[in-house]
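Remarks on the structure that follows.
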Amino acid sequence: MMKNTVKYGLLLILFGGIFFSLESCKVGEDYERQKMKGPEVFSQDFPKDSSISNLPWWQLFNDSILVDLIDTALVNNKSIQVAISRIEESQLQIDIAKADYYPFIGYNAYGSSLANSEVSGLSNQAGGGVNVSYTVDLWQKIRTMNKIALQNYFATEEAYKSLNISVVSAVASAYISLRDIDNRLIIAEKTAKNFQENLDVMQARFNAGFISEVDLSQAKIQVSEAKTALEIFNRSRVQIENAISVLLGTAPRSIPRGLPLFDQISVPEIPVGLPSELLDRRPDIVQAERRLHAQTLRIGVAEALKYPSLTLSLDMGAQLVNPSFLFADLGAQLLGPIFNAGKLQRNVEVEEARTKQLLLDYEASYLFALQEVEDAMIAVETYKREYGLRNEQMIMATKASQLAWVRYDGGLTSYLEVLNLQTSQFNAELRASEAFKNQITSIVSLYQALGGGWYTDPEDIKELN
């Protein structure tokens, strides 16, 4: 008799529970992607071919040191390691949620000794049992919780991708800035040397009584200004190296150098695709949508709590001191709310409010992405033209400075003219270096804003290398 009870009980729990789960009613609505309002094309004149692929774009700069730094950061960066740990945590949460699909099986054991004045000796009892219980997913709450766990997992994956893009862009931008500072140091050192040579000439002329002390003082100010720039650039160089070191997951250290700044090639035209493609390309937007998806499902979970839950159970065991004494108990429990319907409804409304908040976050992330792409595109175009103009200024300033010295040496002009034009040449060289750096980093920013690579065909990269 007991064997039949156990057998039928297990069948009822396992198969009956599955049947109820499959046939159960579902509360709450499924998630549907929101229709985002945005422009059909970007306002800037860029190629519109799709660029959803995620190729290692930084290799196009042909700087092996930059590639090594980025590869190191993608492995050792502490924030990326935290993101990987969060992905592992989300995977475990999925496994935990899946466990609710299956019956819970537990065990128990007990023992006691009883002594009283009417019976001599001790009365011992010992036994154990197994409990099997299964919560029938009447309203698909368990299934929905599994979907929520899955969407949370997808969100952590997108967060990891977004962080990867941020780290790659940060390392690339910092490295280009470092090469710019190196270049400016070269300019400052060269200028300080030239100014010092000018000062030596002016000192000799002052000692001979050919010039006034005013001209000598102006020459000294020139040298001091160039040496001050050296200190500023030396400070910036170390600070940038420290920042790169942290991105690499190491203590501050010297960073190796690869190609000089002006040998960093300019990347070809970047196909930006269409604004609507950002919804699938930008990891931060996809992450926001995954969070919205999960939150939308939580409304259904909150709705399910307003309805009764059904739990099937089977208890069976035996007494160890009397093995012939066996027992089995098959039961079902139906629980549901009566007087707290208002509270449960408020919980549903709370989840709806949270869903509205995440919907607004999702929409805002799309608008922010559009702004970032538009800003990056105009930056690429204007920095490219700006560098061309700065380079022309540098060439003209150099020629003017050389002519001014010839004029001064011939007694045709004052030293103030020489001073002004040499200072202009110095500043023009520094600004040209900065403009070229901005042109390169604006391309990096455009990559980051697009949220992916630039080439759909790997052969495109081979042709460039």
Side-chain angles (χ1 to χ4, degrees), residues 13-14 17-18 20-22 24-34 54 74-75 77-106 131-167 279-280 282-307 309-312 335 344 347-362 365 451:
I13 290 176
L14 294 175
I18 294 174
F20 277 118
S21 296
L22 293 175
S24 59
C25 299
K26 181 182 182 300
V27 294
E29 298 181 358
D30 290 327
Y31 171 78
E32 292 184 6
R33 168 176 278 191
Q34 302 295 318
N54 292 303
L74 290 176
V75 174
N77 182 269
K78 300 305 178 184
S79 297
I80 287 181
Q81 291 179 351
V82 170
I84 293 174
S85 178
R86 286 174 179 159
I87 291 177
E88 295 171 349
E89 177 187 351
S90 295
Q91 289 174 328
L92 295 174
Q93 292 293 345
I94 291 177
D95 293 338
I96 292 173
K98 284 181 179 179
D100 291 333
Y101 278 132
Y102 308 101
F104 172 79
I105 302 176
N131 172 265
V132 182
S133 64
Y134 181 82
T135 300
V136 180
D137 197 12
L138 288 177
W139 316 108
Q140 295 193 15
K141 181 176 70 175
I142 296 175
R143 182 177 299 181
T144 303
M145 292 297 293
N146 274 268
K147 290 181 179 179
I148 292 173
L150 183 61
Q151 291 302 319
N152 287 334
Y153 169 75
F154 289 148
T156 56
E157 278 195 329
E158 297 303 327
Y160 169 73
K161 294 177 184 177
S162 181
L163 185 59
N164 271 344
I165 293 174
S166 297
V167 169
L279 295 173
D280 297 311
R282 288 262 305 216
D284 57 334
I285 299 180
V286 179
Q287 179 190 5
E289 185 177 15
R290 296 295 189 185
R291 293 175 58 202
L292 174 61
H293 190 163
Q295 180 57 42
T296 303
L297 295 175
R298 288 191 181 94
I299 298 176
V301 175
E303 285 276 3
L305 295 177
K306 297 163 57 177
Y307 303 100
S309 61
L310 174 64
T311 302
L312 306 177
L335 296 175
L344 295 176
N347 287 335
V348 173
E349 294 171 0
V350 166
E351 299 299 341
E352 290 174 343
R354 290 172 177 171
T355 301
K356 182 178 180 180
Q357 294 166 20
L358 290 182
L359 173 59
L360 294 173
D361 287 341
Y362 174 53
S365 65

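- For the pair Ile94 and Ala149, the tightest heavy-atom approach, listed with the atom from each and the gap, is CG1-O, 3.7 Å.
- Contact check for Ile285 versus Tyr362: side-chain heavy atoms found under the 4.5 Å cut-off.
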Q.
Evaluate Tyr134 against Thr311 for side chain to side chain contact (heavy atoms under 4.5 Å, CB included), listing each step before the verdict.
A. CA-CA 6 Å; Tyr134 181 82; Thr311 302; over 6 Å; no
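- Atom NZ in Lys147 sits 5.5 Å away from atom CG in Asp30 (nearest 0.5 Å).
- In this structure, the separation between CG on Leu360 and OG on Ser365 is 11.0 Å, given to the nearest 0.5 Å.
- Between Leu305 and Lys141 the shortest side-chain heavy-atom distance falls below 4.5 Å.
- By the side-chain hydrogen bond (donor to acceptor under 3.5 Å, both in side chains) test, Glu349 pairs with no residue at all, sequence neighbours left out.
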Pairs of donor and acceptor atoms involving the side chains of residues 289-304, under 3.5 Å and at least two apart or interchain, shall be tabulated with distances.
unit_1	atom_1	unit_2	atom_2	d
Glu289	OE1	Arg33	NH2	2.9
Glu289	OE2	Tyr31	OH	2.9
Glu289	OE2	Arg33	NE	2.9
Arg290	NH1	Gln151	OE1	3.2
His293	ND1	Gln151	OE1	3.3
His293	ND1	Gln151	NE2	3.4
Gln295	OE1	Arg298	NH1	3.3
Gln295	NE2	Glu351	O	3.1
Gln295	NE2	Glu351	OE1	2.6
Thr296	OG1	Leu292	O	2.8
Glu303	OE1	Lys306	NZ	3.4

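- The backbone N or O of Glu158 sits nowhere less than 3.5 Å from a side-chain atom of Ser162 that would complete a donor-acceptor pair.
- One finds the CG atom of Asn164 at 4.5 Å from the CD1 atom of Ile80 (value rounded to the nearest 0.5 Å).
- Taking CD of Gln140 as the reference point, atom CG of Asp137 lies at 6.5 Å (rounded to 0.5 Å).
- Looking at heavy atoms from C-beta onward, Gln91 lies in side-chain contact with Tyr153 at the 4.5 angstrom threshold.
- Annotation: the span from Asp284 atom CG to Leu163 atom CG amounts to 12.0 Å, rounded to 0.5 Å.
- In this structure, the side chain of Asn146 engages the main chain of Ala97 through a donor-acceptor pair within 3.5 Å.
- Val167 places none of its side-chain heavy atoms less than 4.5 Å from the side chain of Ser79.
- Annotation for Ile165 and Gly451: closest pair CD1-O, 3.6 Å, computed over non-hydrogen atoms.
- Residues Glu89 and Leu92 form no side-chain contact, since every pair of their non-hydrogen atoms from C-beta on lies 4.5 Å or further apart.
- By the 4.5 Å heavy-atom criterion applied to side chains, Leu359 and Gln34 are counted as neighbours.
- Looking at Lys78 and Val82, their side chains never come closer than 4.5 Å, going by heavy atoms from C-beta outward.
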